[in-house]
Amino acid sequence: MSSLTKLLQEKRKNERSDSKSKDNRPSATSIQLESGFDRNATAHNSTTSITTVTQIESDESPTLSSSFGGHGHFPSSFLNVNSAHTATMYGSSVQGRDRSGSMYIDTAVVSGTSYSSSYGNAARSMRVATPSSSHLGGTKHVASLSSSIPYAVPNSNKNTGTGLGSNNSSFGSSWTENFGNSMPSNISAIDSNVISSPKVDSVEPRFVISKQKFQKSSMDNAAQASSLSRTNSLTSQFGSLFFSKGSKDTQSSATATFTSPTNAKAASSSSIAAATAIPKPGRARQSSIYSSSRQPSGSFTDNYLDCSSVGHETQPSQSVPRSRHASVANLKSFFKKGSSTNIAGSVGTFGSPGAPPIAVPYSSRGSANSAFTPSSYGSNNGDTIYSHTNDTSLPFAKRYTKTGEDLGAGAGGSVKLVRRIADNKVFAVKEFRAKFDSETKRDYVKKITSEYCIGSTLRHQNIIETIEIVYDNNRILQVMEYCEYDLFAIVMSNKMSYEETCCCFKQILSGVEYLHGLGLAHRDLKLDNCVINEKGIVKLIDFGAAVVFSYPFSKILVEASGIVGSDPYLAPEVCIFSKYDPRPVDIWSVAIIFACMILKKFPWKIPKLRDNSFKLFCSGRDCDSLSALVTRTPDPPSYDHSETPSTSNNSPEKKHTNNPADPGNPNIGPQRLYHSLPEECQHIISRMVDLAPACRASIEEVMEDPWVSGIDACHMEESGLTFKVVNGTDHTHTKVDQSEAHIAGLERKKKKQGKAAPSSS
Ligand SMILES: Nc1ncnc2c1ncn2[C@@H]1O[C@H](COP(=O)(O)OP(=O)(O)OP(=O)(O)O)[C@@H](O)[C@H]1O
């Protein structure tokens, strides 16, 4: 959130001036949010759109005793680094993102390198998924297609010198050069990794697509999709809404493009023109389509017609080529449309306004008895693009009144509170931001469409429910159910009990289980993207970075690409590989969320070796190479019980290591993170932050963990025709004053205090 970043920057600035004026105050003095605001009277003007995580007290050991009981205080580092912007850098090296100009050779993007090419070799057992169409603690289980894809296994067998596992890279500057005396003297840390960028001597002909070929292919594609799926026509729809209304080259009205193949074809033609432009990087997070559009691929043209490609890495792994037609078919089936015109059908039969969001198994979506009719998305007024309600005959402005309250704003737009006139019910409305100058129309439309498609498709108690999407006065508005609190604000209140924290953790996991069961990954999981309602139900929001990793009835993993997410929550492989399996990325982020909730600070600000704290976490593992750690594969099943897994053949190199394991030292190695966590969660959290994505726990494994499965989490249960909330018995949920329940509220409060302070002083 830019607002929060401003807030935190301001806070940090004030902390600095405070520490100057109060020299005797210990630097790690805990600062409660409120008192921090009290002291910060200066208005802040600076804004930034890229993730700017400014400080972490790397060597500060989290004090469980002070925070675990729910009465501890936040280290200032947590306040400073939290709520980072979502950032995405596509097609640029990781080093390009380093702002400090430091000399660390921590991670190199292995451009064009996929580590999932050998994912089929994973020794991970294949599971029948239990996607979270089931309620928490519920009994509904639906077989998941996507979860049968094992996690990607890093390909460490690339040609030496060009890819992962190559050993010809030089080590970076030494630890002492980089960090001087900032490290304890009795430990040694990994001071570089051996990942090197592949040398691209020549581009394979299959990756070279001429403009003509590209256009022809696109036209063919559009022609063949004459019975266009909703997903195909939808982007055109958005394109028309945004850019063609009233313009000369308008091929079709917004409404018409939904159903007319001819128009869809025409729209696709205009898309082609847009698609040929090389997209420029935007400010903060962009649609992941940006990256996929930059990736050479045989199915390149698949990416721009279908809405599901927005934010979805439709580009297949190079190791698993997919045909263009297969891709289109898969996209159709992903959104499972019975009719090309029935958008709303995608949300299934649970469409009563205000009804609690419930899990819908994939197979149930798009059923014929949908509550929605074609008229509910625009044929009457041309404004409502998607609706969960039957009454869309009136324009948006006549159905909702704004309360004037800002809930938050970020890279994707601003969120406000509105009241529905018909029943006085309150909703959150996200107004998507305008297109950046640096952004192509195509990228912009795709980003918005991504959130639309996903928002209107997902139905689960732990995923925010999209009520309708409206085009109103040149703006796109997404009406969502309203949740009273940001989880971030609740955590900041410092009043959460351990049981409450565990409840939130499990609910987040449940949302992720649902997503992964559908073949979707969120990729931007963080405290800021979790909201919680009055009843204690946590919901995931912001699907602007989400991707499809698996299409229905396909066992092919579609890798994600691009550095997407927020620095402290990023999994290391995102910063290392140009393509990665997005599922373990989500798992890692949820573990970081949990650690933040417990420790009230981030374990590190970014998962790179230039970050001392992360470096220490990577050290002490009998291995000197981060790439070796990250590309580790699961141990094969062992029938010899005398050998423990950690000593099996797949362990990182053990000979001549400068980083011997030291399990007794809580400051180095994996225990650096989990030694401060309660004992019962240490095992699964350590599996969730396994440096090697191929070895990281899957969502199914996490849910099956005895500690996780034993968490008494609040959830919703079916009760006749309605749903009731079943609260966990061992906790209640913290509530904070509405004035500071959302980030924007916190900011408003601070501003007020800022204004009041000068007059009172
Ligand atoms: N349904 C909702 N109920 C209550 N608050 C919400 C809701 N949706 C969003 N918010 C608030 O608005 C803020 C911004 O929402 P969101 O994350 O979707 O925007 P964004 O522009 O995509 O942000 P980011 O910079 O993380 O990409 C959230 O942090 C939250 O405070």
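Each ligand, and each atom within it, is numbered from 1 in the order the structure gives. All values below come from the heavy atoms of this structure, side chains included, with hydrogens, waters and symmetry mates left out.
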On the 0 to 90° scale, with breaks at 30° and 60°, tag the Y514-H460 ring pair as parallel, tilted or perpendicular. parallel
Hey, is ligand 1 close enough to N529 that some N/O pair sits below 3.5 Å? yes
If you measure every N/O of A411 against every N/O of ligand 1, is any gap under 3.5 Å? yes
Using a heavy-atom cut-off of under 4.0 Å, does the side chain or the backbone of K539 touch ligand 1, or both, or neither? neither
N/O separation below 3.5 Å, G412 to ligand 1: yes
Going through the checks in order, is the side-chain hydrogen bond (donor to acceptor under 3.5 Å, both in side chains) test met by K526 and S566? CA-CA 8 Å; K526 54 181 176 178; S566 301; 3.1 Å; yes
Are any of the N/O atoms on V415, whether in the backbone or the side chain, positioned under 3.5 angstrom from an N/O atom of ligand 1? no
Looking at ligand 1, is there an atom of it that comes within less than 4.0 Å of some heavy atom belonging to G544? no
Which ligand 1 atoms does K526 reach within 4.0 Å, using its non-hydrogen atoms? 26 (O)
For Y485, check ring pair (Phe, Tyr, Trp, His ring centres under 6.0 Å) against everything at least two apart and list the hits. none
Hey, are the side chains of D486 and D528 touching, using non-hydrogen atoms and a 4.5 Å cut-off? no
D528: numbered ligand 1 atoms lying under 4.0 Å from its heavy atoms: 29 (O)
From OG (S414) to CZ (R475), nearest 0.5 Å: 9.0 Å
For I464, counting its heavy atoms only, list the atoms of ligand 1 lying under 4.0 Å from any of them. 1 (N)
Sorted by chain and number, sequence neighbours left out, salt bridge (Lys or Arg N to Asp or Glu O under 4.0 Å) with K735 holds for E534
So how far is it from I532 CD1 to E500 CD, rounded to the nearest 0.5 Å? 6.5 Å
Do any nitrogen or oxygen atoms of D542 come within less than 3.5 Å of a nitrogen or oxygen of ligand 1? yes
Between N727 (side chain) and G536 (backbone), is there a donor-acceptor pair under 3.5 Å? no
Any nitrogen or oxygen of I541, side chain or backbone, less than 3.5 Å from one on ligand 1? no
Which of the numbered atoms in ligand 1 are under 4.0 angstrom from any heavy atom belonging to G408? 12 (O), 13 (C)
Using a strict cut-off of 4.0 Å, indicate which atoms of ligand 1 neighbour a heavy atom of G413. 21 (O)
Do E451 and ligand 1 have an N or O pair less than 3.5 Å apart? no
What distance do I454 atom CD1 and T466 atom OG1 have between them, rounded to the nearest 0.5 Å? 10.0 Å
